[in-house]
Amino acid sequence: MINKQNLWFLTLFSLILVLSVYYITMPNDLLIASNTTEKEESSTEKESETISEVDNLTALRVNLDEERDKEKTDLKETMTKEDATTEEKNNAYEQLKYLSVIEGQEEKLEKLIKDEYKINSFVKIDSNNITVVAAKKKHDITLANNIMRTLQEEFDTKQTITVKFEGN
């Protein structure tokens, strides 16, 4: 028999699951188009710009997560195939570990940029290439150079770092 506590847990879990699926399947146009509303007072305007910038970064993050989830699913399928060789399974496992490490580094670098420069950002690492999208209207070369130096300090080897400013 299900008691009240279990019933509440199942209800809340189901709600969170439904909202998560809805958010993931939402078209990107809805996330990006939120900035086309009428202009109001300056404080409301600043809030909407901040929300829109965060939405753009969130859209980038969701796209990358979907891409990585598909790649992880493919790798897990390779690992569970009966006809796959041991080498293929090991390579798939190593690639899964690599993806986990990369995701952790991306989160760490985003937090570093947020803490040091007070800017929301999106970081994507692809081999030795790092792409940073900073939520800022004004393109600031000095800030871009500082971000590149800060990120390079986190790595032992030379990285190709690109900083883009995206604001509305």
Undergrad: How long is the span from the CD atom in Glu71 to the CG atom in Asp69, to the nearest 0.5 Å?
TA: 10.0 Å

Undergrad: List for me each residue that meets ring-ring contact (aromatic ring centres under 6.0 Å, His included) alongside Phe165, sequence neighbours excluded, and say none if there are none.
TA: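 Partners of Phe165 by the ring-ring contact (aromatic ring centres under 6.0 Å, His included) criterion, ordered by chain and then number, come out as His139.
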
Undergrad: I need the minimum non-hydrogen distance between Leu57 and Ala135, along with the two atoms involved.
TA: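 Of all heavy-atom pairs spanning Leu57 and Ala135, the closest is CD1-CB, 3.7 Å.
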
Undergrad: I need the minimum non-hydrogen distance between Thr78 and Ala84, along with the two atoms involved.
TA: O-CB, 3.6 Å

Undergrad: Does any non-hydrogen side-chain atom of Phe155 lie less than 4.5 Å from one of Leu109?
TA: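 The answer is yes, as the side chains (C-beta and beyond) meet within the 4.5 Å cut-off.
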
Undergrad: Between Glu88 and Thr86, is the side chain to side chain donor-acceptor pair (under 3.5 Å) condition met? List the steps.
TA: CA-CA 5 Å; Glu88 290 173 336; Thr86 306; over 6 Å; no

Undergrad: Measure across Gln152 and Lys158 and return the closest heavy-atom pair with its distance rounded to 0.1 Å.
TA: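 What the structure gives for the nearest pair is NE2-CA, 3.7 Å.
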
Undergrad: Just list the side-chain donor-acceptor pairs under 3.5 Å for residues 92-105, sequence neighbours left out, or say none.
TA:
residue, atom, partner, partner atom, Å
Ser100, OG, Leu96, O, 3.3
Glu103, OE1, Lys72, NZ, 3.0
Glu103, OE2, Lys72, NZ, 3.1

Undergrad: Assess whether atom NZ of Lys124 is packed by more than 12 heavy atoms of other residues, nucleotides or ligands within 6.0 Å.
TA: no

Undergrad: Going only through I, L, V, M, F, W and Y residues with side-chain contacts under 4.5 Å, is there a path from Val163 to Leu151?
TA: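 In one cluster with Val163: Leu151, yes.
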
Undergrad: Can you tell if the side chain of Ile113 reaches within under 4.5 Å of the side chain of Ile147, non-hydrogen atoms only?
TA: yes

Undergrad: Between Asn146 and Tyr117, which heavy-atom pair has the shortest distance, and what is it?
TA: O-OH, 3.0 Å

Undergrad: Please tell me if the side chains of Asn63 and Glu66 come closer than 4.5 Å, counting only heavy atoms from C-beta onward.
TA: yes

Undergrad: Rounded to the nearest 0.5 Å, how far apart are CG of Leu12 and CD1 of Ile16?
TA: 6.0 Å

Undergrad: Would you call Thr162 and Ile130 a side-chain contact if the rule is heavy atoms closer than 4.5 Å?
TA: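 The answer is no, as the side chains (C-beta and beyond) never meet within the 4.5 Å cut-off.
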
Undergrad: Measuring from atom CD of Glu153 to atom CD of Gln159, what distance do you get when rounded to the nearest 0.5 angstrom?
TA: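 Reported value, rounded in 0.5 Å steps: 13.0 Å.
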
Undergrad: Atom CG of Asn120 and atom CG of Asn56: how far apart are they, to the nearest 0.5 Å?
TA: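 Taking CG in Asn120 and CG in Asn56, the distance rounds to 11.5 Å.
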
Undergrad: Could you see if Ile125 belongs to whatever hydrophobic cluster contains Phe122? Use Ile, Leu, Val, Met, Phe, Trp, Tyr and a side-chain cutoff under 4.5 Å.
TA: no

Undergrad: Is the backbone N or O of Asn129 less than 3.5 Å from a side-chain atom of Asp126, with the two atoms forming a donor-acceptor pair by type?
TA: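 Flag not set: sc Asp126 to bb Asn129 has no pair under 3.5 Å.
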
Undergrad: Under a 4.5 Å cut-off applied to non-hydrogen side-chain atoms, are Lys108 and Leu112 in contact?
TA: no

Undergrad: Look at atom CD1 of Ile141 and say whether more than 12 heavy atoms of other residues, nucleotides or ligands are closer to it than 6.0 Å.
TA: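 No, the 6.0 Å shell around CD1 holds no more than 12 heavy atoms from other groups.
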
Undergrad: Nearest 0.5 Å, what's the OG-CD distance between Ser121 and Glu106?
TA: 10.5 Å

Undergrad: Tell me if a side-chain donor or acceptor on Glu110 pairs with a main-chain N or O of Val123 at a distance below 3.5 Å.
TA: yes

Undergrad: Would you say Met148 ends up clustered with Ile119 if hydrophobic residues are merged whenever their side chains have heavy atoms under 4.5 Å apart, either directly or through other cluster members?
TA: yes

Undergrad: Please confirm whether the backbone N or O of Ala134 pairs with a side-chain atom of Glu166, one donor and one acceptor, at under 3.5 Å?
TA: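 It does not hold such a pair.
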
Undergrad: Let me confirm one number: the NZ-CG distance from Lys4 to Leu7, rounded to the nearest 0.5 Å.
TA: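 If I round to the nearest 0.5 Å, the distance is 9.5 Å.
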
